[in-house]
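Right, one structure below, let's go through it.
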Amino acid sequence: MALLSKKDTSLLLDPLADNNPITIQVLGICSALAITAELKASIVMAISVLFVMGLGNVVIALMRDLIPSKIRIIVQLIVVASLVIIVDQVLKAFAYELSKTLSVFVGLIITNCIIMGRFEAFALGNGPYRSFLDGIGNAAGYGLILIIVGFFRELLGSGTLLGIPVLGDPIAKTGLYSIGYENNGFMLLSPMALIVVGIIIWVQRSRNRALIEEN
Amino acid sequence: MLEHIELFFKSIFIDNMVFATFLGMCSYLAVSKKVTTAVGLGAAVIFVLAVTVPLNWLLDQYLLQDGALAWLGPEYADYNLSFLSFILFIATIATMVQLVEIVVEKFSPALYNSLGIFLPLIAVNCAILGGSLFMQSREIPTLGLAFNYGLASGIGWFLAILAIAAIREKIRYSNVPPPLRGLGITFIITGLMAIGFMSFGGMLTGGGSEDNVTDAAVAKEEEKKEPAEEELEENAVSFNQAINK
C-alpha cells in the first residue's frame with residue numbers, strides 16, 4: 001500500500017461504480033452508444049480512451065500553471081487531438097478493419113466530453129500523479145460500461161462473443177438454436193444501445209438508492 | 001437541385017445526428033431539462049454547423065486530401081496530409097466558435113444573451129466535429145452540398161433536442177419508478193424515439209421491404225460516388241490548367 005494511499009485508491013476505484021462517468025456523471029455518451037454493437041470494437045475503444053485519458057491528464061497536469069485560463073479549451077483540444085492522431089495512426093497500421101468499423105468515432109474521442117470534463121474538473125487543479133490515477137480510473141469506468149453494453153448487444157444480437165459463436169450455429173440449428181432460440185437482430189440496431197444503457201442505470205440505481213435523482 | 005433536397009431531408013430525418021449516430025448526446029442529455037434552453041442550444045448548433053462544415057470542406061479539399069496540394073504545383077501532388085485532419089478541424093471549430101461569439105456579442109447583444117452561455121459549450125460538442133468528420137468520410141462533392149449538409153444536420157439535432165425537452169417537461173408529472181427518474185428514463189425515451197425515426201428510412205425510396213430499401217440505398221450511393229469522383233478529377237484538372245496559365 002506504499003504506492004497507493006487510501007485517497008489514491010478511491011480516485012482509481014470510485015469511477016468504476018458510484019461515480020461512473022457514463023451512468024452518473026453523464027460524460028462520454030456518444031461513443032459509448034455508437035460502437036458497442038460488437039464486443040471487440042468496444043474493447044478497442046476502451047483501450048484507446050484509457051491511453052488518451054491517462055496521458056492527456058498527465059500532460060495537462062504538468063502544464064496547469066502555464067496555461068492562461070482564457071485559451072485553456074484550445075490548449076486542451078490540441079493536446080487531446082495530438083494523442084488521438086497517434087491512436088488513429090496506430091489503429092490504421094495494425095488493425096485496419098477495426099479502424100474502418102470505428103470510422104469517425106476514433107476522431108470523436110477528441111470531443112468526448114469525458115476527457116474535457118476530467119481535464120476541467122481534475123487535471124487543472126491536481127498534480128500529475130493523482131491526475132494520472134484519476135484519468136485511468138475514469139477511463140476504466142467508461143470502458144467497463146462499454147464492455148457490458150457490447151457484451152449483451154453482441155451476445156443477444158448475433159449469438160457470438162468476439163466473433164466466436166457461443167450459442168451454437170443458427171443455420172445448422174445446433175446448441176440453443178435447436179430448441180427454437182432466435183437471434184434478436186434488433187439488438188444490433190442503434191436504438192437498443194440507448195435502452196441497454198437505460199437498463200444499466202436502472203439496475204445500478206436500484207442497488208444504490210443514494211444515487212436516485214429528484215425529478 | 002434534386003440532390004440538394006435529397007441530402008437535406010436525409011440529413012434531418014434518416015441520418016439524424018442524435019438518433020442514428022448518437023452525436024452530441026452529452027449536451028443533448030444535459031441541456032434538455034427546459035424547452036427554452038434547449039431552443040437556445042439547438043439554434044447555436046445549427047448556426048455553428050452551417051459555418052464550420054463548409055469551412056472544413058474547403059480545408060479538406062485544398063489542403064488535406066490525398067493530392068489536394070496539387071494546386072501548389074505538380075511537385076506537391078503526392079502529398080497526403082489527411083492524418084492532420086483531426087487537429088485542423090478542431091482548431092477551425094474552436095476558433096470559429098470564438099469568432100462567432102465575438103461577432104454576435106458586438107452586433108446583436110440580444111441574441112448574445114440568449115446564445116451566449118451555450119457558445120463555448122459547443123466547441124466540445126461532438127455533433128460539430130462529427131459533422132465535419134462525416135462530411136469527410138462521406139465524400140460530399142461540392143461546397144454547396146457541404147453547407148446544405150451542415151445546415152440540415154443542425155436542424156435535425158435541433159428537432160431532437162426540442163422533442164426530448166418537451167417530453168421531459170411533461171414527464172415530470174408522471175409516476176416514473178424512482179431508480180429510472182432523470183437520466184434513466186431519458187435514455188429509454190430517446191431509444192424509443194430513435195426506433196420511431198428509423199421508420200423515416202423508407203422516405204427516399206417510397207417504402208417497400210427492408211431489403212429493397214438497403215439495396216436501393218447502396219445502388220444510389222454507388223451511382224452518386226462515380227459522378228462525384230469524376231467531378232473531383234475535373235476540378236483538379238481545371239485547377240492545374242488555371243495554375244499553368
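What you see is a predicted model, and the numbers here were worked out from it, not measured in a lab.
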To check you understand the geometry: which heavy-atom pair defines the closest contact between R205(A) and R181(B), and what is its length?
NH1-O, 3.7 Å
Which pair of heavy atoms, one from I195(B) and one from P191(A), lies closest together, and at what distance?
CG1-CB, 3.5 Å
Looking only at I201(A), V196(A), V84(A), the option with the highest number of non-hydrogen pairs under 4.5 Å against chain B is I201(A)
Starting from the C-alpha separation in whole Å, work towards a yes-or-no answer on side-chain contact (heavy atoms from CB on, under 4.5 Å) for I195(A) and F187(B).
CA-CA 6 Å; I195(A) 293 177; F187(B) 265 102; over 6 Å; no
Under 4.5 Å from any heavy atom of chain A - which part of [X]:
X       : value
F197(B) : neither
A20(B)  : backbone
M198(B) : side chain

At a heavy-atom distance under 4.5 Å, which candidate from L180(B), I188(B), I87(B) has the highest pair count against chain A?
L180(B)
Rounded at 0.5 Å granularity, tell me how far CG in L183(B) sits from CD in Q204(A).
10.0 Å
Would you call M25(B) and L194(A) a side-chain contact if the rule is heavy atoms closer than 4.5 Å?
yes
